Amino acid sequence: MADQGRPDGTQLGKLRIPVRAIASKEARDLVETVGRIWTISEEVIDSAKLAVSELVTNVVCHSGGPEGDTLMVAINRSGEMLMVEVHDNSPIVPVLRCADQFDTSGRGMLLIACYTDDHGCDITPHGKAMWFAIKSDWPPDIAA
């Protein structure tokens, strides 16, 4: 997806997931599997798992989609960057909030901003694609 001048890169993995309570775990498992296959560092895998979990949790908690709705997680490489996208059918874009110490939610976008090198949202014909990018040290024998 290159809606906002963001390059597509090389697709490494893609999974359609039902919007349900265990969707975040399924997305983290995909990131873990792709990371291991492409020998991505533990630090990058852990940051990507945290960020994808936050994006998927936003979809599960706030999308308001119909029963049986799905989301899609796509993982790409673009140059030195690991790109992860979470597509859903809601046009509602999460925003950075200032949660106080007693709030039980509202820190997801702050975590994404802290643990990734870039992030954003592209509006799509069917909703949105939230995405993040993390610089990774790719093995020298793997082309961009």
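Only a predicted model underlies this, so the values are computations on that prediction, with no experimental measurement involved. Sequence positions, counted from 1, serve as the residue numbers for this chain. All values below come from the heavy atoms of this structure, side chains included, with hydrogens, waters and symmetry mates left out.
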**Q.** All pairs passing salt bridge (Lys or Arg N to Asp or Glu O under 4.0 Å) where residues 29-41 contributes a residue, at least two apart
**A.** K25-D29, E32-R36, E32-K49, R36-E42
Q: Evaluate the side-chain proximity of R20 to E26: yes if any heavy-atom separation is below 4.5 Å, no if none is.
A: yes
Q | For K14, all residues meeting side chain to side chain donor-acceptor pair (under 3.5 Å), sequence neighbours excluded | A | none
Q) Is there side-chain contact between L30 and V34, with at least one heavy-atom pair below 4.5 Å? A) yes
Q | Non-hydrogen atoms of K135 and V44 that approach each other most closely | A | O-CG2, 3.6 Å
Q: Look at atom CG of D137 and say whether more than 12 heavy atoms of other residues, nucleotides or ligands are closer to it than 6.0 Å.
A: no
Q. Looking just at side-chain N and O atoms, do S53 and R28 make a donor-acceptor pair shorter than 3.5 Å?
A. yes
Q.
If we ignore hydrogens and angles and just use 3.5 Å, is the side chain of N76 paired with the main-chain N or O of M83 as donor and acceptor?
A. no
Q: State whether the side chain of R77 and the backbone N or O of G79 hold a donor-acceptor pair below 3.5 Å, judged by distance alone.
A: yes
Q: Would you check if D122 and W131 make a side-chain contact, meaning some heavy-atom pair closer than 4.5 Å?
A: yes
(Q) So which atom in T70 and which in V19 form the shortest heavy-atom distance, rounded to 0.1 Å? (A) C-CG2, 3.7 Å
Q | Sidechain N-carboxylate O distance under 4.0 Å for K128, D88 | A | yes
